[in-house]
Amino acid sequence: MALVQQGIDAVLESAMECDLLVVGGGINGAGIARDAAGRGLSVVLCEKDDLAAHTSSASTKLIHGGLRYLEYYEFGLVRKALIEREVLLRSAPHIMWPLRFVMPHAKGQRPAWLIRAGLFLYDMLAKREILPASSGIDLRRHAAGKPLKPEFKRGFVYSDGWVDDARLVVLNAIDAADRGAHVLTQTRCTALVRDTAGNNDAWLATLQKSDGSVLSVRARSVVNAAGPWTAEFMQQAAPGRQGQNLRLIKGSHIVVKRLFAHDHAYIFQHPDGRIVFAIPYEDDFTLIGTTDLDYHGDSGKVEIDDEEIRYLCELSSYYFSKPIVPADVVWTYAGLRPLVEDAAADAKSVTRDYRFELDQDGAPMLSVFGGKITTFRKLAEEALDLLEPMLVPEPGQRRRAWTEHACLPGGDVFGSTPQNKSVREFGQFVQGLQHAYAWLPAALVARYARAYGTRIHMLLDGRKDVAAMGEEIAAGLYAAEVDYLRRHEWAVSAADILWRRSKLGLHLPRETAVSLDAWLLQHPLLQHPSVQ
């Protein structure tokens, strides 16, 4: 024990101090760090890889209530998610937008009256200001019927939203950093113990960066938002403590060349009760997913398998006139959903709601289990409502929840507060940028507008012509953008830039990643990245 205490004393002499240490740079960790920093707490967030490197960049990329969860009577979860849809859409209209979903109907599926009733309930569970209501459609007349087989004559259409999931994580991290948080990527929490010499009033954490250097942190509280590694991390910090059990569900997706010309998405029903989405993606592609399979392998090595690819192709081919075969697949991705174990018989019926596990045997540690990307903001708000009274004992000194009425970075397209206008008239914002930056190709300005919103002005600050953008490293990828991503968005590798900060990897030759990584090595940053 004497040696342990000596080690703790050495850590205390050089430790960075904070109110809250957040472990995990996915959507829940980034959202909690943002909320906490906005309430005036000092925050350190560490992520062992890149932001959104795992689950949070492997979603179906939907902001949705979860229509199918109504079948499992999860009305509270669906209502919470439905309320959040428009809150999120207003906060970041550059990376999220409304999307209409078409559900073809055929004999042998859920009865039409049941679907109508479910959609009516879906429309009524939460107030809508932006999204239109559901309706029945004649697929023989509607544009969405053209790519489908002729036997699908009727269907239904309803509203939800689309999101660039990885950029959503990055924007939360930017906002947290802008409000004073220290965001440390490529940094693993290798040890976490309570400071017994200080009456257990703090946690002592050892953070190891990818270059081997070590940083010590003394935190008054910890949030364990490690996603698929949450239970493992909790056991590391509090051995023997019994908490929630995680059920890891693998969700896999395929991407094929664009299958239809209209801007609606599809939701397809499968006889086994599962559903699959087919979504317009990156202009030239269609995203198809997801699968729901229990997973028991290495959480760090999750890949789609051949059977899942066949399943997604076959189900899509059941609906589309043009058959889809594995050879059509141009890209795949898979991720783990760390869901709360609820004894459900099959993976598709496991609850998507979240749970908290609060360890108060000394300095508090809040572990986050489950959740879905649509409810991340509410999850973060509730997490801080639990923790803040322990960190700020005087009620009069506590700050109110604030994120519901705040834009995410770049989302303030028509003012500093979220507005319906920002969603409805985003096209006008893009046109204004194309006029202001007429020296750049209009398509490139449109991409910048969608990726960066109003932060496009930071990217293009001081530049007056294409030559000022620097080297064109790959088609449409200039040194100016790469420099911006490295300095302001924690990007360090080609994968960060081509697959998480953007999806340029879909549009560029495969060898681009190799050449970009080489370019990054040849052009080291002259100063440490910062966030502004």
Side-chain angles (χ1 to χ4, degrees), residues 25 30 45 47 49-53 57 92 94-95 164 166-178 181-187 209-211 408-411 430 433-434 436-509 511-532:
L45 180 149
E47 161 56 46
D49 298 307
D50 182 31
L51 296 169
S57 60
H94 52 317
I95 64 162
D164 185 328
R167 290 210 57 77
L168 180 63
V169 177
V170 171
L171 295 189
N172 274 269
I174 290 172
D175 208 8
D178 282 350
H182 295 276
V183 177
L184 307 174
T185 62
Q186 311 297 326
T187 303
K209 299 182 180 180
S210 58
D211 63 5
L408 281 160
V430 175
L433 292 175
Q434 290 170 328
Y437 298 109
W439 50 271
L440 275 176
L444 183 61
V445 175
R447 180 173 75 77
Y448 286 166
R450 275 297 179 195
Y452 308 115
T454 57
R455 288 172 68 89
I456 187 177
H457 304 304
M458 183 185 298
L459 167 62
L460 300 178
D461 183 39
R463 307 178 197 279
K464 301 296 183 182
D465 54 35
V466 174
M469 298 295 288
E471 180 183 350
E472 189 172 14
I473 304 167
L477 179 64
Y478 289 92
E481 183 178 11
V482 172
D483 185 67
Y484 169 85
L485 293 173
R486 297 167 85 188
R487 294 185 184 281
H488 303 292
E489 294 197 5
W490 300 277
V492 298
S493 71
D496 299 344
I497 294 167
L498 299 177
W499 294 107
R500 284 182 286 275
R501 303 307 182 276
S502 74
K503 289 296 180 288
L504 287 173
L506 271 173
H507 303 276
L508 296 171
E511 59 270 19
T512 302
V514 175
S515 60
L516 178 54
D517 272 329
W519 190 94
L520 294 171
L521 284 173
Q522 294 164 8
H523 298 79
L525 286 177
L526 298 180
Q527 62 186 49
H528 192 275
S530 64
V531 175
Q532 299 176 5

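- One distance of note links CG of L184 with OG of S210; it measures 11.0 Å at 0.5 Å rounding.
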Using the rule given for side chain to side chain contact (heavy atoms under 4.5 Å, CB included), can you reason through H457 versus L433, listing the C-alpha separation, both sets of side-chain angles and the distance that settles it, and then say yes or no?
CA-CA 9 Å; H457 304 304; L433 292 175; 3.5 Å; yes
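- Looking only at side-chain heavy atoms (C-beta outward), E481 and R447 come within less than 4.5 Å of each other.
- Distance CG/D461 to CD1/I456: 12.0 Å, rounded to 0.5 Å.
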If you apply the rule side chain to side chain contact (heavy atoms under 4.5 Å, CB included), what do you find for V466 with Y478, and how did you get there?
CA-CA 9 Å; V466 174; Y478 289 92; 3.7 Å; yes
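- A donor-acceptor distance shorter than 3.5 angstrom exists from the side chain of R463 to the backbone of L459, with no hydrogens or angles considered.
- The aromatic ring centroids of Y452 and Y484 lie less than 6.0 Å from each other.
- R167 and E489 are joined by a salt bridge, as a carboxylate oxygen and a charged side-chain nitrogen come within less than 4.0 angstrom of each other.
- In this structure, CH2 on W499 lies 4.0 Å from CG on L506, to the nearest 0.5 angstrom.
- A474 and L508 get closest at one heavy-atom pair: CB-CD1, 3.9 Å.
- In this structure, the side chains of M469 and L460 come closer than 4.5 Å at one or more pairs of heavy atoms.
- Summarising the geometry, atom CG belonging to L477 is positioned 8.5 Å from atom OG1 belonging to T512; distances are rounded to the nearest 0.5 Å.
- A donor-acceptor contact shorter than 3.5 Å is absent between the side chain of D175 and the backbone of L408.
- The two residues A166 and R500 make their nearest non-hydrogen contact at CB-O, 3.4 Å.
- The list of side chain to side chain donor-acceptor pair (under 3.5 Å) pairs with a residue in residues 464-473, not counting sequence neighbours, reads E471-W519.
- We find the CD1-CD1 distance between I497 and I473 to be 7.5 Å, quoted to the nearest 0.5 Å.
- The backbone N or O of L51 sits nowhere less than 3.5 Å from a side-chain atom of T185 that would complete a donor-acceptor pair.
- Counting heavy atoms from C-beta outward, V445 and V430 have side chains that stay 4.5 Å or more apart.
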Pair V482-H523, side chain to side chain contact (heavy atoms under 4.5 Å, CB included): steps then yes or no:
CA-CA 11 Å; V482 172; H523 298 79; over 6 Å; no
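- Contact of the V169 side chain with the E47 side chain is not registered, since no non-hydrogen atoms from C-beta on lie closer than 4.5 Å.
- Counting all heavy atoms, side chain and backbone alike, V183 lies closest to A177 at CG2-CB, 4.2 Å.
- Evaluation of the side-chain contact (heavy atoms from CB on, under 4.5 Å) rule for V492 yields Q186, D496 as partners, not counting sequence neighbours.
- For T454, the side chain to side chain donor-acceptor pair (under 3.5 Å) partners two or more places apart in sequence, or in a different chain, are D412.
- For S57 against A52, the heavy-atom pair with the smallest separation is OG-O, 2.6 Å.
- Nearest heavy atoms, A173 versus A30: N-CB, 4.2 Å.
- H488 places no side-chain N or O within donor-acceptor distance of the main-chain N or O of I174, the cut-off being under 3.5 Å.
- Heavy-atom minimum distance, H94 versus A449: CB-O, 3.4 Å.
- In this structure, NE2 in H507 is found 8.5 Å from OG in S502, a value given to the nearest 0.5 Å.
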